[in-house]
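Comments concern the structure below.
Here is the naming used below: chain letters follow the sequence lines, and residue numbers restart at 1 for every chain.
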Amino acid sequence: MRGQGHWSELLPEETLSRDEAQRVLRRLWRMLKPYYRSIFVATVLVVLQAAALLGGPALVGYAINNGLPHKHFKGDVGVLDRSVVAYLVLAFAGFVLGRLVTMRIARIGEDYLRMLRATLFRHLMGLSMGFFEREQTGRLVSRMTSDIDALQELISQGLVLMVQNVLLFVGAVIVIFVLSWQLALGVIVIVPPVYFASRWFRRVSNEAYLAVRDRIAVNMSTLQESLEGIRVVQAFAREGEYTQKFHGTNEDQYQANLRTVKISARYFPAVEFTGVLGTAVILGFGGFLVHRNLILIGTVAAFVLYLNNLFEPIQQLSQFYNVVQSAGAALQKVFNLLDTHASVVERPGAFDLPSGSLGIDVDHVSFSYTTDGETVLHDVNLSIAPGERVALVGPTGAGKSTLAKLMARFYDPVEGTVRVGGCDLRDVMLSSLHRRLCVVPQEGYLFAGSLRENVRIGRVTATDADIERALHALGLYERFAAFPEGIDTEVREGGSRLSAGERQLVSLARAALADPDILVLDEATSNLDPGTEHAVERALETLMVGRTVVVVAHRLSTAARADRIAVIDDGGLAELGTHDELVHAGGRYAALYESWVTRR
Amino acid sequence: MRQSVRPHRVWSWLGIMAGLGWTAARVSVPAIAGAAINQINGHGGHSLAFWVMVLLLAGVFQAIFTGLRRYAAFRLALRVETDLRMRLVAHLERLHFAFHDEAQTGQLMANANSDIMQVQNVVLLIPLTIASTLTMGAVIVLLVLRSPGLALFALGALPLLQISATLFSRRMFPIGLAQQDALAAYSGVVEESITGVRVVKGFGSEARQVARLDVEAERVYERSIAAAKLRAWFLPLIDLLPAMGLVGILWFGGHQVLTGHLNDGDIVAANFYVLMLIWPLRMLGMLLGQIPRAVAAAGRIHDVLITEPRIANAAHPVALPADGPGELRFEAVRFGYRRSAHPVLDGLDLVIDGGEAVALVGATASGKSTVARLVPRFYDVDAGVIRIDGVDVRDADLHEVRRAVGIVFEDTFLFTQSVRENIAFADPEAPLERVRWAARLAGADQFISDLPDGYETLVGQHGYTLSGGQRQRIAIARAVLADPRVLILDDATSSVDPSKEHEIRAALGEVMQGRTTLIIAHRPATIALADRVVLLDGGRVVVSGTHDELLRTNAAYRAVLARAEVDEITGITELNATAGD
Ligand SMILES: Nc1ncnc2c1ncn2[C@@H]1O[C@H](COP(=O)(O)OP(=O)(O)OP(=O)(O)O)[C@@H](O)[C@H]1O
Ligand SMILES: Nc1ncnc2c1ncn2[C@@H]1O[C@H](COP(=O)(O)OP(=O)(O)OP(=O)(O)O)[C@@H](O)[C@H]1O
Ligand SMILES: [Mg+2]
Ligand SMILES: [Mg+2]
C-alpha cells in the first residue's frame, strides 16, 4: 500500500550533460552560502593535512641522503634523528588535522542535508492537490529519500577525498620535480597510461554501472509489484509465472553486475602493472642518474614512496566519478521539485473566514484539469445555504468529485468563483479554510499506527478524551473498544487489519473530531452497510446540526435524505431540487430513482 | 550460506589459487626493488638492468593474477547473491496470506535487497581476505629473515591497524543501525504524508506533518554526526598507523645502516612492505566488522525461509470432479484472525447449489469478506469444512481450487501492465476477442475503447488514472476471463453508479449463467441478482430466503439494509407509483 514505488522510478537514468552539471553545481554552491566560512576553514585544514601527508617521503629521502652513508659520505646521526622526530611530528599533525577535517566536513554536509530535507518537505506540503494527483507517489518519495541519500554519499566522503586527492596529486608532482626534475620527467611518463586507462574505465564503468542500477530497479520493481499484488497473484494461481518472471530479471541483474566485474578485471591489472612499471622506471633511470652523480640514492627511495601519491588520486578520482554523477542527477531532480510552484497559493493579505455558519456559492464555474484538456465542469451555478444538506448525484465521470475538490480549493476554477461564507476562496487563508471545511474521501487513507492516532489526524490538538468523545458521538466507540487492544489497536499500513467498512468509519470519526462548519463527504460511506451508514449519518447530522453538508453518493437512499439534490451530468448541473420535487418533475433523477426503488 | 557457496566451489578455488599467485608476485616486488637499490648503492650483485627486467616480469604476473582473483571472487559472490535472492523470492510467492497481512512490503524488499547484499559482501571478502592474509604472512617472514628488528619496528604498529579497523566496524554497527532506523522513520513520515496527501490536505494537517518531519530529520542529523565522530577517529588513524611503521623503519633501519648492519635497499624494501600491508589489514578489519552485520542479515533472511507456507498442498491431492457444477458447502466453519479475541466466523453453515447465485448480506465487519477469502483457501478454517463439489478444499490441489474459484476483491489491485494484460491475467495467452468478451460482460468494453491506447493503455500504480468504478470493472473482467466454476464478487459494485447498474446487471446475469456465484453487496439492485439471500450475523448464517421475503419477515435484515427508514422517505413515491398503476 505504501509508496514503495521509487524502485521503478530509478529506471530512466539520465546522465547529466556538462552544462547541466555545471548549472546544478553552481546552484549547490549558492545554497552553501551560510557555510562559506566553514568551508574556507575546512579547505585550509585539508591543504595542511595534504602537506603533512606529503612531507613523509621527502623526509625519508632527506634522511637517507644527508644522514646515511654512501660513497664518500660517512653519515650523520643528528640528521637522521632530527628527520625521525620531524616525521613523527608530521604524522601526528596529519592525524589531528584529519580528525578536524572529517568532523568539520561532516557538520557542514549533514547540516546542509538536514536543511535540504526540511526545506524540500515544507515545499512539498505546500504544493497543491493537483500536483499530487499528477505525480507518482514513488517519484516524490524518492526525491526525499534516495536522491538525498545519493547526495549524502557525495558530501560525507566524496568531497573530502576528492579535494584531498587532487591536492595530493598536485603536491606530489611538485615535490618530485623539486627533488629531481630529471627523474620526475622519467616518472611522469607513466601518468598518461594511467590517466587514459582510468578515463576508459570511468566511461565504460559508468555505463555498466548505470546498467546495473537500471537492472536492479527493474528487478526490484518486479518484486515489489508481485508482493503488493500477492493476493491477486495467488488468487489466480500464478505464483509460478511470477517466480519465472523474477528469475529473468534477477539473472539480468547478475549479468549486468558481471559486466562491471569484467571491466574492472581488465582495469585493475593494467593499473597494478603500471605501478610496477613506475617502480622499474624509477630504479632503472634513477640508478642511471645516481651513477652519473646527478642525484643521491635517498632521492630514488623518496620517489618510490611518492609513486603511490601519483597513482592513488587518479584511480580514486575516476571511481568518484560515479558518485558525483549520480549525486548530480539526484540534485537536479531535487532542484526541479523545488522549482515547482504551487498552483493554489494564498494571496498576500488573505483573511480568515467569517465566524458562524457558512454557505457555499458556486458561481459560473468552469474547470479543466489541464490547460489544453477537455472542460470537466462548464458554467456550474449552485448555491448552498448555511446549514443546508445537499447531495450530488450523477454518472461516473460527471464531475461530482471535481466540484467537491473545488469547494475545498484543492484547485482554483478556470472561470467563475467559488465563495464560502460570501468570501472568494482565493482571498481566504488556506489554514482557515481547512480548519472550517473537511473533505472525507472514499479511500480514507489509514496511516500505520494505532486507531487512536489515526482519528487524531482530524484535529492534531485533540486530547484522548476528545477522541473518545468523537467516537462515542458517532456510536463507534463500543465497536472499536471491543477489539483486543481497543482503540489502541495497531491498524497496519493502509489499515489492512480492518474491514473495508471499518476503514471508512475511522475516516468519518476524523471528520467528527475535526468538527468543521462545512463537511464534504465524497462517497465516504460507500462500503458501509446501509444500516450502519444510516446510523452514522444520523449521528453526524446531530453532531453537525446547523452546519453545511455536501454528500456525493451513488446510493440514492443516501442522496434521498438530503435537503436538496443536485444532479450533475456531463460537467453541468442538470437538475436541482428536493427529492420530492425531482421525483415529481420526472427527469433524470426520477428515472434513476424509479429503477432504484423497483429493485428493492 | 555455506550451502549457497557449495555449488560454485570451482570459483572459490580458482579465486584462492589466483590469490596465491598474486601474493607471490606482489611480495617479490619490494624484494627486487631493495636488491636494485643496493645494486645502485654499489653493493654489487646482478646488474641493474637484470633487476629491472625481473621487476617487470613480476609486474606481469601480478597483473594477470589480480585480474583472475578479482574475477573469481566477484563472480562467486554475485552468483551466491543471485541464487539466494531467487530462493527467497520463490519462497515469498508461496507464503500464505496471513504472513503477508503482517509483513510489510518495505521490509520484505529490504530482505531481498540490502540484507542479501550484506551476505554477498562477506562472500566477496572471504577469498580476497585469504589472499591478503597470505600476503601478510609472506611479508612478515621476508622481513624477519631480512632483519628481525626491522620487522618489529616496521610491523609493530600494524596489528593496531587491524584491531582498530575491527573495533571501528564493531562500534559502527550499532551506530549504523541507529542511523538506518532514523532514516527509516524519516522516510516513513515522507511516505505516509505523500500517500495520504488527500487526508493531510483534507484536514489541513500539513503543519503537523512538517513538525514530525523536522523531528525525524533532526534525529537523522544527530545519528549521522555520531557516525562522523567515529569516522573522525578511524580515518586519520589508518593514515597514522602505517606512518608510525615508516618512522620506526627510518629510525631503526637508519641506525642499523650507520652501524653497517643493513643497507639502504633494506629500508626501501621495508617501506614498500608496510605500504603493501595497509590494504590487506584494512580489508581484514572490514571483514571482521562485516561479519556480525551479515550474520544479522542472514538471520532475517533465514527467518523468512524457514516460515513454512501454512497453506500447502495435500500430500495426495484429490482432484475436483471434472465438470462439477460448483456446489459450495460450508459445514460448521469456525475461523478467527490471529489477533482477534473472538472468532470472526463460528458455526457457519451454508450450502450453495451448483449454478445458484447467493447474496451474502451482513453488517460492516460481520465477516463477509472473510467468508469470501476462505473459499479459495487464502486461510484455512479453524474448525469445520469447506467443500467444493464435495471435496474438502484442503484435500484438493491448491492451484486447482484457486483456478476453480474466481474472486473480485473489495479493494481493486491492478498491475502496471496494459488493460489487456490485466484482464488476461489468468490466461496471458487469451486472444483479444476473449478479453473483449470478458470486458463486455463486466461493462468495461465501452470505456476501455475510449482510453488513449484502448486495450493497450497502461494502467496500475504508474499508469493511467482510472476512476474507482472503472477499476472495479476491470477486476470483474479479470475474474470473468478466468472462467471459474465459483465466482465471488466482494462488494464489487460499490463504485458503480446507478445508471450503469442496469447494464452491469444484465451483463452479470450472463456471466452467472452456469456458475455458482457468491455476491457480497449492500445495494438492493445488486442483491437482486441473486436467487437467494443469506444474512450473516454473529459469525453464522442467521436466515436465508429471497430478498422480498426477508424484507417482509426479518427485522435484522431490514436493519442492515436500513429499510425501515427508507420506507419512511419513499412512502410518498411508492404511494404515487401505486396510484399511477
Ligand atoms: N486529477 C485528474 N486529472 C485529470 N483528469 C481528471 C482528474 N480527476 C478526474 N479527472 C477527469 O475528470 C472527469 C470528472 O471526474 P470526477 O472525478 O469529478 O468524476 P465523478 O463524477 O466524481 O465520478 P465518479 O462517480 O466515478 O467518482 C473525469 O472524466 C475524469 O477522468
Ligand atoms: N487481516 C486481518 N487481520 C486481523 N483482523 C482482520 C483482518 N481482516 C479482517 N479482520 C477483522 O475481521 C472482522 C471481519 O472482517 P471482514 O473484512 O470479513 O468484514 P466484512 O463483513 O467484509 O466488512 P465490510 O462490509 O466492512 O467489508 C473485522 O472485525 C476485521 O477487523
Ligand atoms: Mg468521484
Ligand atoms: Mg468486506
Side-chain angles (χ1 to χ4, degrees), chain A residues 2-3 68 75 80 84 87 91 95 98-99 102-103 106 110 114 117 121 125 132 140 144-145 227 229 232 236-237 239 243 246 254 257 261 265 269 272-273 276 280 283-284 287 290 297 301 395-396 434 439 441 445 447 460 484 499-501 526 529-532 534 554 557 560 592 599-600, chain B residues 36 40 48 52 55 59 63 67 70-71 74 78 82 89-90 93 105 187 190-192 194-199 202 204 206 208 213 217 221 224 228 232 236 240 243 247 251 254 257-258 268 341 363-365 399 402 410 413 426 469 494 497-499 522 524-525 528 559-562 566 569:
Chain A
R2 265 216 209 163
L68 299 188
L80 178 64
V84 167
Y87 198 170
F95 174 74
R99 271 186 61 73
T102 311
M103 269 329 286
E110 294 299 336
R114 176 176 56 177
R117 288 189 173 108
F121 191 70
M125 287 287 102
F132 288 99
L140 295 180
M144 292 284 306
T145 53
L227 286 179
V232 177
F236 288 88
E239 305 91 316
T243 308
F246 182 80
Y254 170 76
N257 266 317
V261 172
E272 286 195 19
F273 177 74
V276 178
L283 293 175
V290 171
I297 183 73
T396 298
H434 286 145
V439 183
Y445 182 80
F447 299 100
V460 183
S499 84
S526 59
D529 66 273
T532 308
H534 191 66
H554 282 314
S557 53
L592 279 183
R599 277 291 157 196
R600 29 179 249 133
Chain B
I40 296 171
L48 185 57
V52 168
L55 192 59
R70 288 184 72 93
Y71 184 72
F74 275 98
L78 288 173
T82 308
V89 170
E93 294 281 341
T105 311
S187 40
V190 171
E191 280 181 14
E192 67 168 40
I194 294 174
T195 318
V197 69
R198 262 165 229 279
V199 175
E206 293 97 332
R208 167 178 182 263
L213 189 104
Y221 172 81
S224 305
L240 177 67
V247 173
W251 183 74
V257 174
L258 280 175
V268 173
T364 293
H399 277 199
R402 290 187 177 167
E410 55 194 340
F413 183 91
S494 62
D497 66 275
S499 59
H522 298 301
V560 168
L561 289 192
V566 173
I569 304 168

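- Counting heavy-atom pairs closer than 4.5 Å to chain A, the top residue among B/Thr82, B/Val52, B/Leu48 is B/Thr82.
- From B/His399, atom NE2 reaches atom CZ of A/Phe236 across 13.5 Å, with rounding to the nearest 0.5 Å.
- Interface summary for chain B: among A/Gly531, A/Gly98, A/Pro530, A/Gly501, the most heavy-atom pairs under 4.5 angstrom belong to A/Pro530.
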Inset, instruction - Would you please test A/Met125 and B/Arg208 for side chain to side chain contact (heavy atoms under 4.5 Å, CB included) and show each step? - result: CA-CA 10 Å; A/Met125 287 287 102; B/Arg208 167 178 182 263; over 6 Å; no

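- In this structure, the side chains of B/Leu78 and A/Val261 come closer than 4.5 Å at one or more pairs of heavy atoms.
- Between chain A and the options B/Gly254, B/Ala90, B/Ala243, the largest number of non-hydrogen pairs under 4.5 Å is found for B/Gly254.
- Atom CG of A/Asp529 sits about 5.5 Å away from atom NE2 of B/His522, to the nearest 0.5 Å.
- Looking at A/Ser499, only its side chain comes within 4.5 Å of chain B, counting heavy atoms on both sides.
- Within the 4.5 Å cutoff, the side chain of A/Asn257 has no heavy atoms near those of the B/Phe74 side chain.
- Listed options A/Ala500, A/Pro441, A/Ala301 were ranked by heavy-atom pairs under 4.5 angstrom with chain B; first place goes to A/Ala500.
- With a 4.5 Å cut-off on non-hydrogen atoms, A/Leu80 touches chain B through its side chain but not through its backbone.
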